[in-house]
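Encoded as structure tokens, the structure appears first; notes follow it.
Order of the sequence lines sets the chain letters (A, B, ...), proteins ahead of strands, with each chain counted from 1.
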Amino acid sequence: SQTIHQWPATLVQPVGSPLSLECTVEGTSNPNLYWYRQAAGRGLQLLFYSVGIGQISSEVPQNLSASRPQDRQFILSSKKLLLSDSGFYLCAWSPLRRVLIPASEQYFGPGTRLTVT
Amino acid sequence: AQSVAQPEDQVNVAEGNPLTVKCTYSVSGNPYLFWYVQYPNRGLQFLLKYITGDNLVKGSYGFEAEFNKSQTSFHLKKPSALVSDSALYFCAVRVGKRDDKIIFGKGTRLHILP
């Protein structure tokens, strides 16, 4: 079965410090990968998604970046954190699209709670 | 523009009563719709999806959703609510083809009262 991991679970960082959040998926190949941010326990904002190694699409201009160095690894980074970067960060994956399946659901990791102080 | 709306921030239901969480959508082309649930400080869990076929879709934990094309709605339902159903519920619609990108509604908080 497939499993998605995120770490760390919680993180407290000062303003201006760097950030690296990691997400890995087990039990599948060539997944689509996604990073979301959820503020104040409400709506989800899609930050980045990737359909393959080295292929990153950005949804919202910001001081965050993403990388996919391996097929099942997705990393969210920042060189200098802002107070507004605080939130709950969620990684998700969806299966490689198959011709007879017009749409696939996404499966979410447990999330990382980031507090920028 | 493609969008999904959840008109209620919060829904309160007595335990044992039927529940409905509302969702409406606006998409070009065929709608592919999803419901997710989120418990406190957890990731989202997939409940069910509508792709094609029967308008009544059955999912996890006894939930079902009714697709109504004329009303562009996809309401989540359960015949008898449990206290453990209390959580944040998200409706979503697919907007990307190859990448399965989806957009979420703002969420509806469901409170089941004992």
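- In the hydrophobic clustering of ILVMFWY residues, with side-chain heavy atoms under 4.5 Å counting as a link, A/Ile4 and A/Leu46 come out apart.
- Side-chain heavy atoms closer than 4.5 Å link hydrophobic residues (I, L, V, M, F, W, Y) into clusters, and following such links, possibly through other members, connects A/Leu19 to A/Ile56.
- More than 12 heavy atoms of other residues, nucleotides or ligands lie within 6.0 Å of CG in B/Asn55, so this atom counts as buried by the packing criterion.
- Annotation: side chain of B/Phe46 is not in contact with side chain of A/Phe108 (no heavy-atom distance under 4.5 Å).
- Shown here for B/Phe34 and A/Glu105, the closest heavy-atom pair between the two residues is CE2-CA, 3.6 Å.
- Side chains of B/Leu88 and A/Gln38 form a contact here, defined as non-hydrogen atoms less than 4.5 Å apart.
- Both B/Phe74 and B/Tyr61 belong to a single network of hydrophobic side chains, linked directly or stepwise wherever heavy atoms of I, L, V, M, F, W or Y lie under 4.5 Å apart.
- Shown here is B/Asp9, whose CG atom has more than 12 heavy atoms of other residues, nucleotides or ligands within 6.0 Å.
- Criterion: ILVMFWY side-chain heavy atoms under 4.5 Å apart, direct or through other members. Under it, A/Leu90 and A/Tyr34 are part of a common hydrophobic cluster.
- In the hydrophobic cluster analysis, where Ile, Leu, Val, Met, Phe, Trp and Tyr join through side-chain heavy atoms closer than 4.5 angstrom, A/Tyr49 is grouped apart from A/Ile75.
- When all heavy atoms of B/Lys101 and A/Gln106 are compared, the pair lying nearest together is CA-NE2, 4.3 Å.
- Between the side chain of A/Tyr107 and the backbone N or O of B/Leu44 there is no donor-acceptor pair closer than 3.5 Å.
- Side-chain contact between B/Arg42 and A/Phe88 is absent, with no heavy atoms from C-beta onward closer than 4.5 Å.
- Heavy atoms of B/Asn30 lying under 4.5 Å from chain A are absent altogether.
- A distance of 13.5 Å separates CG in A/Leu44 from NZ in B/Lys106, rounded to the nearest 0.5 Å.
- Note that the OG atom of A/Ser104 and the CD1 atom of B/Ile102 stand 10.5 Å from one another [nearest 0.5 Å].
- When side chains are defined from C-beta on, B/Phe104 does not count as touching A/Gln45, because their heavy atoms never get closer than 4.5 Å.
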